[in-house]
Number of protein chains: 2
Amino acid sequence: MVGMTNSTSLSPAREDYLKALYHLEGDSRRVPTTELARSLEVRKPSITAMLRRLHDDGLVAWEPRGGAQLTRRGRAATMRVLRRHRLVETFLVEVLGLDWSDVHDEAEVLEHHLSDRMVEAIDRVLGHPTEDPHGSPIPSTTGSLAARDLVPLASLGTGEAAIVRKVDGRYRKRLLRWKELGLVPGARLEMGEKRDDEGILHVRIDDVDVLTGGRGVEGIWVERRAPAVSELGP
Amino acid sequence: MVGMTNSTSLSPAREDYLKALYHLEGDSRRVPTTELARSLEVRKPSITAMLRRLHDDGLVAWEPRGGAQLTRRGRAATMRVLRRHRLVETFLVEVLGLDWSDVHDEAEVLEHHLSDRMVEAIDRVLGHPTEDPHGSPIPSTTGSLAARDLVPLASLGTGEAAIVRKVDGRYRKRLLRWKELGLVPGARLEMGEKRDDEGILHVRIDDVDVLTGGRGVEGIWVERRAPAVSELGP
DNA sequence: ACGTGGAGTTAGTCATACCTACCATAGTTG
DNA sequence: CAACTATGGTAGGTATGACTAACTCCACGT
């Protein structure tokens, strides 16, 4: 029983599969085995085996060669993991003073080993936050998630203004660069010149012009807003 | 790699065996298989198998039928676990506001899953404490442990005065009762009348006389001190 | 219609950490 | 001294969750 962890007690491996599925299925598509294998860095037969187990548990809809999708129960279980993960990240930054760009890996481990009692204590100490340090919404105890209307930064047209709402926490190096550039949740920016053919774009943050390859901002999600006043001149 | 945890990365099971061995061997004796089995609530063949693995790892001195004992390296590894455990307990009480009597089980899980970076962050936030909430000393980063001269409460003679220094955190119910009685680390007390034949003893705490069976104070460790002044009258 | 390549599965291993059933050694006692 | 008992081991089995090797399925191109 070494792996025993939280109330409903799925193994860490099972929880990781559910999370991967959640992130990959996006707006309700069936996720192919190979994609899960790539995302989890595990060989394909391992995926097949685990999907069968999760199917038997009633957490995932799956048939041989048919792809996989979370069931209602699977989605609920995923929300519990996500809540733990995001509360832990917030906690590590706010209370333990760890760096924004460091906390993802820690949370990746801890999310599987916190009791409900601890999670709620953390939530209480933090004052029931609604977003984690990367800007992702924290699911409620009931598993509901605040819906938002986010688009990838690179999809903005020249002159469009937006607020950074979420950055992908998975890649430490990128996080560090973004942080230097001021590309953090809450930052206001405006898209400058785009050269789609070359994959190069200019972004204005706090009146500083930043040049970057489109690849370099993959994982930054923004919310569109009315363009800056200066752009509306006579 | 699901079980991957902290820097040196022993599995949770291995760390639990080391801890049990540490607690049982006391002042350097060889611990029999059966005792470990009882303490870990695991069958004897599992103990034999694990001792062999730990022996192969160079953490435990063991030969068939010879009992087991931590090596120097095993002891060092144990100190790292103990440090994590006790810092976590302190943290749960001081920062998360969990109850004194609740934290042991949480810490039992978390001690296996905290990175060095997190442990040191916790240590920093707590201001480098030297004792956990149950009064046990917290090993330093180098693995050294403050030595103290503790005796079981029940070993005091009538009239002897002492300070509670440590309570065994493993049994929630006892902890709760001790807490009610004021038998917490730091409490000053004096042994009253003892009836060893009946296993009954009286303890005076804050001038209140508490009657208890000797069994009921197993796990309370005290430091002897000069008897109270009132006892030295003309 | 047919062959090929990639996606997905089956089959069989391995490591960890547990278990039960049974065997061996040794120490105490009639 | 033989028998009984406690202690400690061996053998063999289970569950997870990963792996490689090898097969099947099917869509697509010719």
Side-chain angles (χ1 to χ4, degrees), chain A residues 1-6 8-21 24-25 29-69 77 81 108-109 111-113, chain B residues 1-6 8-21 24-25 29-69 77 81 108-109 111-113:
Chain A
M1 272 268 193
V2 157
M4 239 272 271
T5 50
N6 50 73
T8 23
S9 218
L10 294 168
S11 68
R14 279 166 148 85
E15 292 188 338
D16 284 340
Y17 275 74
L18 293 181
K19 273 200 314 171
L21 205 41
L24 292 174
E25 74 182 21
R29 54 187 269 269
R30 311 211 111 212
V31 180
T33 303
T34 307
E35 257 180 67
L36 276 164
R38 200 170 35 236
S39 164
L40 287 163
E41 299 185 88
V42 142
R43 302 292 160 194
K44 287 182 285 176
S46 311
I47 301 289
T48 304
M50 183 60 97
L51 285 180
R52 179 169 287 126
R53 287 191 285 259
L54 291 172
H55 172 75
D56 294 345
D57 295 346
L59 298 167
V60 162
W62 173 83
E63 331 170 59
R65 281 160 227 280
Q69 197 170 17
V81 184
E108 206 60 42
V109 175
E111 64 186 1
H112 306 300
H113 302 286
Chain B
M1 272 271 194
V2 157
M4 240 274 273
T5 50
N6 50 72
T8 24
S9 219
L10 294 168
S11 68
R14 280 166 146 84
E15 292 188 339
D16 284 339
Y17 276 73
L18 293 181
K19 273 200 313 171
L21 204 41
L24 292 174
E25 74 182 23
R29 52 187 270 268
R30 311 212 111 211
V31 179
T33 303
T34 307
E35 255 180 70
L36 275 164
R38 199 170 36 237
S39 165
L40 287 163
E41 300 186 85
V42 142
R43 301 294 160 195
K44 287 182 284 179
S46 310
I47 301 289
T48 305
M50 183 59 98
L51 286 180
R52 181 168 284 127
R53 286 191 287 260
L54 291 172
H55 172 75
D56 294 346
D57 294 346
L59 298 167
V60 162
W62 173 83
E63 329 169 62
R65 281 158 226 283
Q69 197 171 16
V81 183
E108 206 61 42
V109 175
E111 65 185 1
H112 305 300
H113 302 287

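Lettering of chains follows the sequences in order, A, B, ..., and the numbering in each one begins at 1.
- Between the P atom of C:dG6 and the CZ atom of A:Arg38 lies a distance of 14 Å, rounded to the nearest Å.
- Comparing A:Pro45 and A:Arg65, the nucleotide of DNA chain D nearest to each residue sits closer to the 5' end for A:Pro45.
- Within the 4.5 Å cutoff, no side-chain heavy atoms of B:Leu54 are placed close to those of B:Leu21.
- Residues B:Glu35 and B:Leu24 share a closest heavy-atom pair of O-CD1, 3.8 Å.
- Remark: A:Tyr17 is in phosphate contact with D:dA18, judged by side-chain N or O atoms under 4.0 Å from OP1 or OP2.
- Residues A:Tyr17 and A:Val42 form a side-chain contact, since some pair of their non-hydrogen atoms from C-beta on lies under 4.5 Å apart.
- When rounded to the nearest whole Å, the span between CD1 of B:Ile47 and P of D:dG9 equals 11 Å.
- Separating the CG atom of A:Leu51 from the C1' atom of D:dT16 is a distance of 15 Å, rounded to the nearest angstrom.
- Applying the 4.0 Å criterion to OP1 and OP2 of C:dC18, one finds that B:Arg43 has every side-chain N and O outside that range.
- Within the 4.0 Å cut-off from OP1 or OP2 of C:dT9, not a single side-chain nitrogen or oxygen of A:Arg52 is found.
- Closest contact between the side chain of A:Thr48 and the listed nucleotides C:dC18, C:dT10, D:dG17 involves C:dT10.
- What separates CZ of A:Arg14 from C1' of D:dA15 is a distance of 10 Å, to the nearest Å.
- With rounding to whole Å, B:Lys44 atom NZ is found 12 Å from C:dC23 atom C1'.
- Contacts of B:Thr33 with the nucleic acid, taken as non-hydrogen atoms under 4.0 Å apart, involve only primed sugar atoms and P, OP1 or OP2.
- No side-chain heavy atom of A:Arg29 sits under 4.5 Å from any side-chain heavy atom of A:Gln69.
- Between the CG atom of B:Asp16 and the P atom of C:dA17 there is a distance of 10 Å, given to the nearest Å.
- Note on A:Ser46: a side-chain N or O is less than 4.0 Å away from OP1 or OP2 of D:dC19.
- Contact check for B:Arg52 versus B:Asp56: side-chain heavy atoms found under the 4.5 Å cut-off.
- Atom-to-atom, CE of A:Met50 to P of D:dA15 comes out at 15 Å; the value is rounded to the nearest Å.
- Phosphate contact (OP1/OP2 of C:dT9, side-chain N/O of A:Trp62, threshold under 4.0 Å): present.
- Side-chain N/O atoms of B:Ser11 include one lying less than 4.0 angstrom from OP1 or OP2 on C:dA17.
- Between the CG atom of A:Asp57 and the P atom of D:dA15 there is a distance of 14 Å, given to the nearest Å.
- Of the side-chain N and O atoms in B:Thr34, one or more sit less than 4.0 angstrom from OP1 or OP2 of D:dG8.
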